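The chains referred to below are lettered A, B, ... by the order of the sequence lines, with proteins before strands, and numbering in each begins at 1. If you're wondering where the values come from, they're calculated on a predicted model, not measured in any experiment.
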Amino acid sequence: MRLPKCLLGLTAGAAFALAGGQAAAQSGEPIKVGVLHSLSGTMAISETTLKDTVEMMVSGLNDSGGLLGRPVETVVVDPASDWDLFAEKARQLIEVEDVNVVFGCWTSASRKAVLPVFEELNGLLFYPVQYEGQEASKNIFYTGAAPNQQSIPATKYLLDQGFERFALLGTDYVFPRTTNKILDAYLNQNGIPDADIMVNYTPFGHSDWQSIISRVKSFANQGKRTAVISTINGDANVPFYKELANQGVDALDIPVVAFSVGEQELSGIDTDPLIGHLAAWNYFMSVETPQNDQFIENFREFTGDQDRVVNDPMEAHYIGFNMWVQAVRQAQTTDVEAVRNAMYGQTVQSLSGYEVEMNENHHLSKPVMIGEIGPGGQFNIVQKTDEAIPGDPWSDYLAESENLTADWTYPWVCGGCEEPTFADAGLIGVD
Amino acid sequence: MTRLHRWPRPGRAARAALLLALGLLVSALQAPPAAAQQADAAAFAEAVQTLATGDREARERAVDRIVEIGHPRAAAVLSALMYRRLATVAGSDRVVLEPEGGGPLEDALTGEPVENPEALETETIYASNQVRRKLRTAVSQVQIFAEDPQARLASTRNIVRAPSDATADLLRRALDREEVPRVEQAIRLALAKVELLAGDAQTKLAAIERLSGSTSPEVRSLLLRLLDRDDVPAEVRTAAREAAASIETRLTLIDWGQRVFQGISLGSVLLLAAVGLAITFGVMGVINLAHGEMLMLGAYTTFVVQQVVLAVAPGLSELSVLFALPAAFLVAGAMGVLLEQTVVRHLYGRPLETLLATFGISLLLQQGVRTIFGAPNKEVSNPFWMSGSIELIGGAVLTYNRLFILVFALAVLAVLALVIKRTTFGLQMRAVTQNRGMARAMGIPSGRIDALTFGLGSGIAGVGGVALSQITNVSPNLGQSFIVDSFMVVVFGGVGSLWGVLGGSMVLGILNKFLEPYAGAMLGKVIVLVLIILFIQWRPRGLFALKGRAGEQ
């Protein structure tokens, strides 16, 4: 093929200029983003998709010219649903890989395992999943729901509908146990006696649900309207919902409200028998906004799979990642202290169209939504708050935490204390 | 095209209300039926429109209104909304529905087929639980007068969910005109249930009398609701309490029966997981820690077969589990033979090394599967004939998948027993394991028999994996969750005995299911483990110890 020389020169020049321009926009040490999600084991069903989300966000950031003129890269590790391995991998990410920020964890057990590592090494973790509260670390930003943004409103919804008996089913670890403790106190304060509350825990990956579900059925047949509140986590949900369907538990009689089941967990199950069972989150894939449509499209394009679904913790990573980018731009550095201080007050438009803000207690103000499982594993939103509700990590329903405050700005500067760290010494020049 | 009369949207609502009021007024005055009918049609059209586009509260009111009007299309429209067959049409006020059991779209108001349905852009209306609960009652109230006796029968089940004086009246009216004896009986039963909560003291007593022999959890539930009230006369209260107590006794019995079934069902799962081990460990004495991975291979084979069948002959997909059985036996069996030939045979008589080597192999196999199939769980679908359940008296439920697995486990055990007892290979196998030297002297190729025996045990485990894929998650870790249980069953039941495996798995299954409700799933397992340790102290050879020389190895 022969081209006129001048044209060739022009093309080469243009190509050079383009490459050079790219290089100028993204030069120097790459900024490293750690991804700490289980890609195998019992939690992989939920967490794998979060890794994809962070990778998509990073790739999008690079496409738009990187951050602070530097390219961004992900460092992915697989803690394999093993809580001790989470701590090891967290240490590896911060000490060996030298990452600037980590997006990771799903279960509270894993978060509790990595928390001391992040505090010791002064790392920065964005935790995207609803959780039980009772914690507010300086080194963690909680972009999922606190109990007052998920479990309490969902329980209130059931109480408002006239349910009088509650079966609390959960996986045996810290999130279900703490959540159930809070809900137990909340239900008691709302006139539900202990006799009308049944609590049951099962191990991770539990698969034989026959006796538990038939026990729930007989618990429900005592003349009072009964609902199930499920904090079952991971792949145990698949046999749980299958057994519910097989035993013919109808959502009209005994609805199950789940706090850890979203579009991702339902994909692959035949959801027709499950129609009407509920979930409470801050986001559902079915919200109708232009940015949500765009996000879904981009995610499917990025993963090359048109059947992929989007869920609440993914939206939390979307919010957290954008906030972190904004904070880094504001601070002009990836230094943890600077970024942390720049995080407070950052706002991002959520995929559901709400203005979401990062508060001084490291929790977000988010809307609360309750959805019923509809055809095809999508949720029909039956209730949502008019505005974003600020997250409150310390439950008002437990005696040990009702007086605690989390606030990492002056004069409080603590994750959970009754009095501000700095006493009011008056104002200089006035007092 | 059928152009039904479009009912005015807001703006003309006042006129609608006027017309409605007029209609009611006219009907109240016993005006000519034609005018009343017209007004009813108008009111019905408006209510259907609200049903389609209103918010939750408006919908609930519209449901009431439709029941009140009693339009001939009421049942069709209400049940269409209930089962998500009602749809709005983009760009018009029209509401259409898909008739029960499929068929061409029809107009919600007239029931006439929609012309050219492909051209319409329809959107299915989703009703929330609250609306659907209301619908369920409403449908039953309309259907109690349906022409189809089956529909009337179905209606009696749901109508008792809203016990009120009005429901009782409705049932009495239905009873008067009922002619089918079976339905009449059902209506009487339903009426008695409703009268528990919606009658005077005398009726209540009669109803309690009638229902006291029941085994229905629903009746107990209604009785407890009655007892919860403050305005119940003392004699009714006493009668209700007694009836509830006697139902409770019967339900407890049923509950125990159900728990035994669940225990046997868990036992059959354990049996499937352990029966292969009864060969490799029980007969050959190889501590095979890679046994769980044979189960896993079987489960993954099921997944692959399912994918292949879906791709090649989608029509047979409901039968893919059956095709998976021989495939899983071959895959796991071949892996077993390979394992024996390459590793295990060099380690006979050295249990500690065998244990370590097979543990290493189990890790290898797990990682291999993870590399090939990826870490996330694979979805193996349940064929329709393994979904759902049979409902027995007293609300006890037997799910089909568990029933199938129970039958299947027993079948596998029977086949295995036949192979061992009745075939030449079985004879040779027993000869080699009981006295290797003598067997060789008789010309039995002991090396080949070892390999085949190990392959048989592994293949059976693979078949067990097919069954497990139906009730648990297919993941690389599947084997790990069963390996401990399998060893427990074999050791508890008695090493080397097939009856021991059967007895051991059933006892452990039932024990587990009786402990679970009291101790929780976690603690239940711990207690079972402690009990087994104590049992082994007492009878070191397990439940069914081999007697004679074979037992003294």
d(B:Leu251 CG, A:Ser218 OG) to nearest 0.5 Å is 8.5 Å

Between B:Thr472 and A:Lys242, is there a side-chain heavy-atom distance shorter than 4.5 Å? no

Do you know which of A:Asp172, A:Asn200, A:Val382 has the most heavy-atom pairs under 4.5 Å to chain B? A:Asp172

Counting only non-hydrogen atoms closer than 4.5 Å, does A:Ile373 touch chain B with its backbone (N, CA, C, O), its side chain (CB onward), both, or neither? backbone

Please look at A:Ala236 and chain B and tell me whether the side chain, the backbone, both or neither of the residue comes under 4.5 angstrom of a heavy atom of that chain. backbone

Would you call B:Ile471 and A:Glu243 a side-chain contact if the rule is heavy atoms closer than 4.5 Å? no

Side chain, backbone, both or neither: which part of B:Val380 has a heavy atom under 4.5 Å from chain A? backbone

Spacing of A:Phe204 atom CZ and B:Met522 atom CE [to the nearest 0.5 Å]: 9.0 Å

If one checks every heavy atom of B:Ala127 against chain A at 4.5 Å, the contacting part turns out to be backbone

Over 12 non-hydrogen atoms of neighbours within 6.0 angstrom of CZ in B:Arg229: yes

Over 12 foreign heavy atoms within 6.0 Å of CZ, A:Arg308: yes

Apply side-chain contact (heavy atoms from CB on, under 4.5 Å) to A:Ile212 and B:Glu516, showing your working. CA-CA 8 Å; A:Ile212 291 164; B:Glu516 210 172 72; 4.0 Å; yes

Other residues, nucleotides, ligands: >12 heavy atoms within 6.0 Å of B:Trp385 CH2: yes

Quick one: closest heavy-atom pair of B:Ser221 and A:Gln222, and the distance? OG-C, 4.1 Å

Region of B:Asn382 in contact with chain A, defined by heavy-atom distances below 4.5 Å: side chain

Please report the closest heavy-atom contact between B:Arg132 and A:Gly276, naming both atoms and the distance. NH2-CA, 3.7 Å

CG/B:Asn477 to OG/A:Ser81 distance, rounded to the nearest 0.5 angstrom? 7.5 Å

Short N-O contact, B:Arg402 and A:Asp208, less than 4.0 angstrom: yes

Quick check: does any side chain N or O of B:Arg220 sit under 3.5 Å from a backbone N or O of A:Asn221, one acting as donor and the other as acceptor? yes

Is the backbone of B:Gly388 close enough, under 3.5 Å, to the side chain of A:Asn246 for a donor and an acceptor to pair up by distance? yes

Residue B:Ser387 versus chain A: region with a heavy atom under 4.5 Å: both

Would you say B:Tyr126 and A:Ile275 make side-chain contact, with heavy atoms under 4.5 Å? yes

Is it the side chain or the backbone of B:Thr399 that comes within 4.5 Å of chain A heavy atoms, both, or neither? side chain

Side chain, backbone, both or neither: which part of B:Arg56 has an atom under 4.5 Å from a heavy atom of chain A? neither

B:Arg161 bridged to A:Asp253 by N-O distance under 4.0 Å: yes

Check each atom of A:Pro255 against the heavy atoms of chain B and say whether the ones under 4.5 Å are side chain, backbone, both or neither. side chain

Check whether B:Arg259 gets within reach of chain A through its side chain, its backbone, both or neither, counting any heavy atom under 4.5 Å. neither

State whether the number of non-hydrogen atoms from other residues, nucleotides or ligands found under 6.0 Å of B:Tyr83 atom OH is greater than 12. no

CG-NE2 distance between B:Asn473 and A:His206, expressed to the nearest 0.5 angstrom: 12.0 Å

Please classify the contact between B:Asp228 and chain A as side chain, backbone, both or neither, with a heavy-atom cut-off of under 4.5 Å. side chain

One pair to check against side chain to side chain donor-acceptor pair (under 3.5 Å): A:Gln247 and B:Ser389. What are the steps and the verdict? CA-CA 6 Å; A:Gln247 293 208 18; B:Ser389 54; over 6 Å; no

Could you go step by step and tell me if A:Asp250 and B:Arg136 meet the side-chain contact (heavy atoms from CB on, under 4.5 Å) rule? CA-CA 12 Å; A:Asp250 191 329; B:Arg136 182 166 64 179; 4.2 Å; yes

Among A:Thr48, A:Asn380, A:Ile213, residue most engaged with chain B (heavy-atom pairs, under 4.5 Å): A:Asn380

A:Ser211 side, atom OG; B:Leu515 side, atom CG - distance, nearest 0.5 Å: 11.0 Å

Has A:Asp386 got more than 12 heavy atoms of other residues, nucleotides or ligands less than 6.0 Å from its CG? no

For the candidates A:Gly374, A:Ala44, A:Pro203, A:Ala220, which exhibits the highest count of non-hydrogen atom pairs separated by less than 4.5 Å from chain B? A:Pro203

So, the part of B:Gln258 with a heavy atom under 4.5 Å from chain A: the answer is side chain

Given that the side chain runs from C-beta out, which part of A:Leu39 has a heavy atom under 4.5 Å from chain B: side chain, backbone, both or neither? backbone

Close side-chain approach of B:Gln470 to A:Pro239, heavy-atom, < 4.5 Å: no

So with a 6.0 Å cut-off around NZ of B:Lys525, is the heavy-atom count from everything else above 12? no

Between atom CD of B:Gln367 and atom OG of A:Ser40, what is the distance when rounded to the nearest 0.5 Å? 7.5 Å

